[in-house]
Novice: 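Here you go, one structure.
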2 protein chains.
Amino acid sequence: MVSIKEISQIVGLSPTTVSNVVHGKKSKVSEINYRKIQAALKEHNYVSNMGGRILGRHGSKIIGVILSYSRRSEINVFSDPFYDQIIGSLEEEIRKRGYFMMLYTSGSVNESLQFVSAWNIEGLIILGALPDDAGKLIQERKTPLAFIDTYIDKKFETADFINIGLKDFEGGYQITKYLLSLGHRKIGFCADGVRLFGVDYERFAGFKQALQEAGSQFDSNDFFGLDYQLEPRHAFLKELAKDQLKNFTALVFTSDYLAVDAMNIFQDNGIRVPQDLSVTGFDHNVFSEQCRPKLTTIGQNVRQKAVLAIDHLFKRIKHEGKAVKVNQLLDVELVIQGSTKKR
Amino acid sequence: MVSIKEISQIVGLSPTTVSNVVHGKKSKVSEINYRKIQAALKEHNYVSNMGGRILGRHGSKIIGVILSYSRRSEINVFSDPFYDQIIGSLEEEIRKRGYFMMLYTSGSVNESLQFVSAWNIEGLIILGALPDDAGKLIQERKTPLAFIDTYIDKKFETADFINIGLKDFEGGYQITKYLLSLGHRKIGFCADGVRLFGVDYERFAGFKQALQEAGSQFDSNDFFGLDYQLEPRHAFLKELAKDQLKNFTALVFTSDYLAVDAMNIFQDNGIRVPQDLSVTGFDHNVFSEQCRPKLTTIGQNVRQKAVLAIDHLFKRIKHEGKAVKVNQLLDVELVIQGSTKKR
DNA sequence: CTGTTAGCGCGTTCAA
DNA sequence: TTGAACGCGCTAACAG
């Protein structure tokens, strides 16, 4: 590996001059030397040593992508296509800009902050943060920061807050409206976990709003918190099927994965979808297409989330424009397929 | 951010002494000073600046995970659960050892090598490398290197070659044997892409071997190269279904995803699985479970692949034991489910 | 046995 | 256009 020093000896000029060429500071170097140095850099395949850059406090060119530890187990269990897609898209966007991506699963805010300072991380993308952690992170960070799919208390939305999310409320609202328009009245809501927060909470709120507008009262018995582990979840779903679904004619799920999983168990136990039961998902990912009937679901553009998050993050890093709060919620799209039917 | 120097000023001792405490060299520091320094480190939340480490060539604590660029598009299209799982598992293993993971999609061997030297990467994991690239990488690398699922020319398997793979041949062989034992004679083989290499090539070889042993002759018309893009692939599968599958009674697919995708199209077009056609997958991932009938497939332990690759890689990094060639192919497991039936 | 000083590695910046 | 100095962690050699 060639260093700036070595290049400088080759061309017989000082390291400083070489450095200036590397950084394109044409005004500081004569035309002739500029070309000579540029040729040498190319010929010897110069790559800057990132250690030197970090040390000189000159930008590590690292973007950290932080996954919250608490989510990790779920992701492993679900093999959620969302994470695959978003991480792939983030990596691409980061690389395109000449930066590098460090993927880190963090157990706490402190751990994340240490990660940032050890590497002089230039910017952070935060996936799936808990609301409290998100707030703490905003207060203590010294680096530009962009959240994806995070809902936090308004008081933390400082001037340079960035979040790219989805109109989750709208999604929950739209799909429920659609079911109501088909004549369904007894509709259940299924999410994973007992405690709802973030995107699921919003989707649920949209669901309840639609019911209310239809004059339907939401009953807490209509909420089903599903176990994220396969076996207990399946046992529960089987019981539900035997119980003739307690007279529900439609079930709204917070994800395609859960919807497909449940639909399969229901069908195994003699319940026909959509004849006996309408089922809806959320995400419009591969699962909603690789099942029969295909799922009626809410579509989102995952790639766009990544692109926007990185775009805004880099504006902060490059100090382009004034720091303006960004809380961009992308549009949802109702995708009607075979898993829902007029009642 | 606190540096060693600052800590040393705080406690009134030299930076070296502080450094010794950081590295736990108790023999070089008195009991009293050791405690005093440790307390100061904790109080000021000392985190070592990685720039200094990289610069001093003392190990960057970075493990690079390289995805080949050519595979990237496929992965994005498929949202392959394999990549999600393996990257998650790798990250966990790397983090457990106090290292950091950089994820990088590389377009060429040169790009990968530059990546390594710019960051003083301590070790590399290579996913989905083309055979030629793998060979070149082995010859030119200066860092420990572990491949996952890579088949390369024997001549490149140097003394410190590491590869963790799967008995793909055995998998292809077993599942075909199983179909033969059910009485199937006209069996097709479906893979993505026209040109087979790596794991698919081996699975195909196992398939042919089983056929041959059964006295069945493999006909090149029995191979179907499927488009990785959804629309042309579906159009093709639909035609195949209309053609009554050209009298095939069973189809072997190189992945669960392709198998489920095709099975759905077949079923949409009136072909019953397994009554009219037996279908098999490969991987035993979420797709083979989230379809009906569930797929008969070949199981593999993805997590174990990651753990072993990292284990071997770190043995090299830490220079533990003699450098011995490792080409460990994990066992496969035939998982019999509902998509196959006696003929 | 304990602690210190000196110097390496590389890119950037400031003063000359 | 350049030399010197800086940032930081680590190690070898040396001093107490």
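A quick note: this is a predicted structure, and the numbers were derived from the prediction, not measured. No hydrogens, no waters, no symmetry mates; every other heavy atom, side chains included, goes into these values. First the proteins, then the strands, lettered A, B, ... as listed; each starts at 1.
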Novice: What's the NZ-P distance between B:K26 and C:dC1, to the nearest Å?
Specialist: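 Distance check: B:K26 NZ to C:dC1 P gives 16 Å.
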
Novice: Roughly how far, to the nearest 0.5 Å, is the NZ atom of B:K154 from the CZ atom of B:F161?
Specialist: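 B:F161 CZ to B:K154 NZ: 8.5 Å, rounded to 0.5 Å.
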
Novice: Write down the distance between CG (B:N120) and P (C:dC8), rounded to a whole number of angstrom.
Specialist: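 Roughly 18 Å, once rounded to whole Å.
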
Novice: With a 4.0 Å cut-off on heavy atoms, is A:L13 in touch with a base, just the backbone sugar-phosphate, or nothing at all?
Specialist: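 Contact class for A:L13: sugar-phosphate only.
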
Novice: Applying the salt bridge (charged side-chain N to carboxylate O under 4.0 Å, His left out) test to A:D160, which of A:R141, A:K315, A:K142 qualifies?
Specialist: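 Among the candidates, only A:R141 passes.
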
Novice: For B:Y34, report the nucleic acid contact type (base, sugar-phosphate, nothing); a contact means any heavy atom under 4.0 Å.
Specialist: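 Result for B:Y34 = nothing.
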
Novice: For B:M50 and C:dC10, what is the distance between atoms CE and C1' respectively, to the nearest whole Å?
Specialist: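 Going from CE in B:M50 over to C1' in C:dC10 covers 17 Å.
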
Novice: Just how far, in rounded Å, is P of D:dC8 from CZ of B:R53?
Specialist: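 Result: 16 Å.
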
Novice: Taking for each residue the nucleotide of DNA chain C with the nearest heavy atom, is it B:S14 or A:S3 whose nucleotide lies nearer the 5' end?
Specialist: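 By nearest-heavy-atom nucleotide position, the 5'-most residue is B:S14.
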
Novice: Is B:N49 close enough to D:dG7 that one of its side-chain N or O atoms is under 4.0 Å from OP1 or OP2 there?
Specialist: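 Negative; the distance criterion is not met.
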
Novice: Regarding B:V22, tell me which of base, sugar-phosphate or nothing describes its non-hydrogen contacts under 4.0 Å with the strands shown.
Specialist: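 The residue B:V22 makes no contact with any strand.
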
Novice: Between D:dT1, C:dC10, D:dC10, which nucleotide has the shortest distance from any of its atoms to the side chain of B:L55?
Specialist: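 The closest nucleotide is C:dC10.
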
Novice: Given A:N327 and A:I162, is the side-chain contact (heavy atoms from CB on, under 4.5 Å) satisfied, shown in steps?
Specialist: CA-CA 6 Å; A:N327 194 0; A:I162 299 174; over 6 Å; no

Novice: Please find out if less than 6.0 Å separates the ring center of B:Y151 from that of B:F197.
Specialist: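 Not under 6.0 Å, so no.
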
Novice: Rounded to the nearest angstrom, tell me the gap between atom CD in B:Q9 and atom P in D:dG9.
Specialist: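 Answer to the nearest Å: 12 Å.
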
Novice: Which whole-number value in Å describes the distance from A:E6 CD to C:dG9 P?
Specialist: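 Rounded to the whole Å, the gap is 10 Å.
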
Novice: Should the pair A:W119 and B:W119 be assigned to parallel (<30°), tilted (30 to 60°) or perpendicular (>60°) ring geometry?
Specialist: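 Perpendicular.
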
Novice: Would one find a side-chain N or O of B:Y46 under 4.0 angstrom from OP1 or OP2 of D:dG9?
Specialist: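 For B:Y46, the contact criterion (side-chain N or O under 4.0 Å from OP1 or OP2 of D:dG9) is met.
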
Novice: Looking at A:F100, does the NZ or CZ of A:R95 lie under 6.0 angstrom from its six-membered ring centre and within 45 degrees of the ring axis?
Specialist: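 Here A:R95 fails the 6.0 Å and 45° test against A:F100.
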
Novice: Quick check against the 3.5 Å criterion: does A:E111 have a side-chain atom that pairs as donor or acceptor with the backbone of A:S106?
Specialist: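 Such a contact is absent between A:E111 side chain and A:S106 backbone.
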
Novice: On DNA chain C, nearest-nucleotide positions of B:E31 versus A:P15: which is more 5'?
Specialist: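 Between the two, 5'-proximity favours B:E31.
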
Novice: What's touching nucleotides 11-13 of chain D from the protein side, N or O pairs under 3.5 Å?
Specialist:
unit_1: D:dT11; atom_1: O4; unit_2: B:T16; atom_2: OG1; d: 3.3

